[in-house]
Amino acid sequence: MRWSKTYIPTMRDNPSEAELVSHKFLLRAGYMRRLAAGVYNYLPLMQRVINKVSNIVREEMDSAGAVEILMPFVQPADLWRKSGRWNDYGKELARLKDRHDREMVLGPTHEEIITDLVSGELKSYKQMPLNMYQIQTKFRDEIRPRFGLMRGREFIMKDAYSFDINEEAHQGAYDKMVAAYHRIFDRCGLSAKQVDSDSGAMGGSGSHEFMVMVDTDGGECTIVSCDKCDYAANVEKAVFRELNPPVQDKEIKETEEVDTPNAGTIEEISEFLKMPPNRFAKTLLFNAEFKGKKKNVVKPVAAMIRGDRQINEIKFKNYLGCLELEMAGPETVEKLTGAPVGFAGPIGLGCAIVVDPEVENMTNFVVGANKADKHIINVNLNRDFKTTGVVDLKNAPVGEGCPECDGLLTASRGIEVGNTFMLGTKYSKSMGGKFLDRNGKEQLYIMGSYGIGVTRTAQAAIEKFHDDKGILWPKSLAPYQITIITMNAGKEPQQEAGEKIYNELTEAGFEVLYDDRMERAGIKLNDADLVGIPLRITIGDKSLAEGKIELKLRNESDLVRVDLSEIIEKSTEFLERAI
RNA sequence: CGGGGUGUGGCGCAGUCUGGUUAGCGUGCUUGCUUUGGGAGCAAGAUGUCGGAGGUUCGAAUCCUCUCACCCCGACCA
């Protein structure tokens, strides 16, 4: 492709709408333009990248035994009522009416449609296993679209659905998809990490997410992984092995108030009482603002976690369902406990007390006495105080042991580019998907659903591979493999050489972007860096006089002069080396 | 939806508080000349319903009311 014949509107400045590097580069390098919040035009370069991702997905899905179909984007509301998701999906489901006032939805996912599709004709065990997929535009009316293609409202997704006769067969189908996913992301140059996840609203028995690990702000998900084995899980789902579990006393002892002069922090009391922090339960006081009928009300609430844990305020806030949550100031603490900060405890506390599950399992632990310089030992939940709820309130168990080996858990950030769900019979039940088994007995088929965010994967690649000048596409996703630049566009020998090399490489099967613009060298070089094509060929007077041109990989700094006659071999060689 | 913010040539912004000629600047765009290996110089140009509607006023980008859009923080998700 000649630059002058396509449409690559690069920009010098960062548009103010973008926050994330990958988002900025997508706009600056002329890959996309925004139409509305979370809705984008894909320009020629982007369309090529989307095709690259799609083709990799397609090849791997096909070879994993899935077959491609295409289902409608606009769907009748009836099917969604039937599955119950007309109500459950909430406002994210975009609804509209046709001219006859019939209710429709813009497809955010296709479990309903595909189950309905097969329900009349997938009637025998002989027809399974079956796996069908599509690559299609989806629409989810996100509360807050963000970060360009990362969380768009309209986006391209590959969604696959498997049908099996029983759990065992389904597990096989699921494993096949997981393997295909690893191959897909590997081929995209991304090596996604597979993590255990919460099945959430999709329902079903198990699920995994595939994360591209990044250390930029683009990593919206926190995942916990083992430093030795490949255990990894979403923070919400992560389990761990306690390295130093608290001692469990055999007998339940009587409470006792003890003096702890000048010991307000866990470390100080721990030191003073000669007991490890995990025998303490911290009582943390918060002010929570709830929505009231007329005006909002602020109520104090207490959270209890083990002495060696950190509170996760977001988890607490979610549990409470309040509008605002903040640590109570000294005045509130004194008013509530009658003691200065550092001695709050649950016994006799006049507000709701929410405890972490770990606290529920402790015996004879230490809490604040609600009196200055005093703590109470041998406290036991239910006997000495009551809780209003038990819920996980602590931060990710970083530093704890891996549940599957003797490694340690660490936290890192990732971009979710794909997921796999075991759906069980949720949709076959609600949508009426039955078949006859070998014994002529009616059964519900076991389903799985498998998604890959195609457009998000593309942006995730940029988030992972870029420098301060622009994108560094992995060669498998790059819109073109090679870009050719004439340093002095006006000079005929260079133009001729450019044309010749462009034709030669194109005929040899390379995808080439020939920058034939009448621009100065600096502009073209900068644009080439910005756009991120893996291999750059530059044609300049000096080299050309010796019958040479220059090759440079985007991710390397070396410039290599190569004889005109060996362009094809050298280009092949360079591209082998590219990421 | 709650909180915060922004709308002014394609892009990035100033001007708004304190109303007052033809609404500026940088960049980009067009044309010409000179340049030409990492975003050239000079000259001449084109491009604005100042997000929209209504109002106040002799006069509104600027003040008031309503409204729309977009961005950021939170909950949700490929």
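Quick caveat, the model's predicted, so the values are computed rather than measured. Lettering follows sequence order; numbering is per chain, from 1.
A:Arg153 comes within 4.0 angstrom of no nucleic acid atom, judged by non-hydrogen atoms across all strands. Using a 4.0 Å heavy-atom cutoff across all strands shown, A:Asp159 reaches no nucleic acid atom at all. A:Gly418 comes within 4.0 angstrom of sugar-phosphate atoms only, judged by non-hydrogen atoms across all strands, and of no base. Here A:Gly90 lies out of heavy-atom contact (under 4.0 Å) with every strand. The residue A:Glu416 sits close only to the backbone: its heavy atoms come under 4.0 Å of sugar-phosphate atoms, none of a base.
Nucleotide B:U6 forms a Watson-Crick or G-U wobble pair with B:A69, both donor-acceptor distances falling under 3.5 Å. With both pairing distances under 3.5 Å, B:G37 is matched to nothing as a Watson-Crick or G-U wobble pair. Remark: B:C42 base-pairs with B:G32. Criterion, Watson-Crick or G-U wobble with two distances under 3.5 Å. Both distances falling under 3.5 Å, in either a Watson-Crick or a G-U wobble arrangement, place B:G74 opposite B:C1. Pairing partner, B:G48: none, since no Watson-Crick or wobble contact has both distances short of 3.5 Å.
The side chain of A:Thr109 places no N or O atom within less than 4.0 Å of a non-bridging phosphate oxygen (OP1 or OP2) of B:A78. Residue A:Ser16 has no polar side-chain atom (N or O) positioned under 4.0 Å from OP1 or OP2 of B:C71. Dashed line: the shortest gap from a side-chain N or O of A:Arg144 to OP1 or OP2 of B:C1 is not under 4.0 Å. Contact annotation: A:Asn419 reaches the phosphate of B:A78 (side-chain N/O to OP1 or OP2, under 4.0 Å). Between A:Arg520 and B:A40, a side-chain N or O to OP1/OP2 separation shorter than 4.0 Å is present.
Residue A:Arg151 places a side-chain atom within donor-acceptor reach of the base of B:C77, judged by atom type and a 3.5 Å distance cut-off alone. Side-chain N/O atoms of A:Asp529 and base N/O atoms of B:G38 include a donor-acceptor pair closer than 3.5 Å.
Each of A:His208, A:Met61, A:His182 was evaluated against A:Met177; a single residue qualifies, A:Met61, per the side-chain contact (heavy atoms from CB on, under 4.5 Å) test. Looking at A:Arg85, A:His110, A:Glu112, A:Glu111 one by one, the single match for side-chain contact (heavy atoms from CB on, under 4.5 Å) with A:Leu79 turns out to be A:Glu112. Put simply, the residue from A:Val512, A:Thr486, A:Ile484, A:Ile482 that forms a side-chain contact (heavy atoms from CB on, under 4.5 Å) with A:Ile501 is A:Ile484.
Proximity note for A:Met487 (side chain, C-beta onward) versus B:A78, B:A40, B:G37: the nearest is B:G37. The side chain of A:Thr538 has B:G37 as its nearest neighbour among B:C70, B:G37, B:C76. Comparing B:G38, B:C76, B:C29 against the side chain of A:Glu519 picks out B:C29 as the nearest. With B:C73, B:C71, B:C11 as the choices, the nucleotide that has an atom nearest any side-chain atom of A:Arg146 turns out to be B:C73.
Put simply, the side chain of A:Val560 does not reach to within 4.5 Å of the side chain of A:Lys552, judged on heavy atoms. Taking the side chain as every heavy atom from C-beta outward, A:Ser4 and A:Asp516 approach each other to under 4.5 Å.
A cation-pi arrangement, defined by a distance under 6.0 Å to the six-membered ring centre and an angle within 45 degrees of its axis, is present between A:Arg95 and A:Trp86.
Heavy-atom nearest nucleotides on RNA chain B were determined for A:Pro145 and for A:Met11, and the one closer to the 5' end corresponds to A:Met11. Take the nearest nucleotide of RNA chain B for A:Phe147 and for A:Leu35: the residue whose nucleotide is more 5' is A:Leu35.
The nearest whole Å value for the distance from the OH atom in A:Tyr89 to the P atom in B:C77 is 9 Å.
Contacts between residues 17-34 of chain A and RNA chain B, defined by a heavy-atom separation under 4.0 Å, are made by A:Glu17, A:Glu19, A:Arg28, A:Arg34. Of all the residues in residues 38-47 of chain A, not one reaches under 4.0 Å from RNA chain B with any non-hydrogen atom.
Ring to ring, A:Tyr133 and A:Tyr161 are not that close: their centroids are 6.0 angstrom or more apart. For A:Trp473 and A:Tyr31, the gap between ring centers is short of 6.0 Å.
Remark: the separation of the P atoms in B:U31 and B:U67 is 47 Å, to the nearest Å. Between the C1' atoms of B:G59 and B:G55, the separation comes to 15 Å (whole Å). Of the C1' atoms belonging to B:U47 and B:G28, the separation is 11 Å, rounded to the nearest Å. Comparing B:G37 with B:U49, their C1' atoms sit 47 Å apart, to the nearest whole Å.
Between the A:Tyr89 side chain and the A:Ala94 main chain, no donor and acceptor come within less than 3.5 Å of each other.
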Check the pair A:Arg561, A:Ser543 against side-chain hydrogen bond (donor to acceptor under 3.5 Å, both in side chains), reporting the backbone distance first and the verdict last. CA-CA 7 Å; A:Arg561 292 173 126 205; A:Ser543 316; 3.2 Å; yes
side-chain hydrogen bond (donor to acceptor under 3.5 Å, both in side chains) evaluation trace for A:Thr10 with A:Asp527: CA-CA 7 Å; A:Thr10 57; A:Asp527 274 350; 3.2 Å; yes
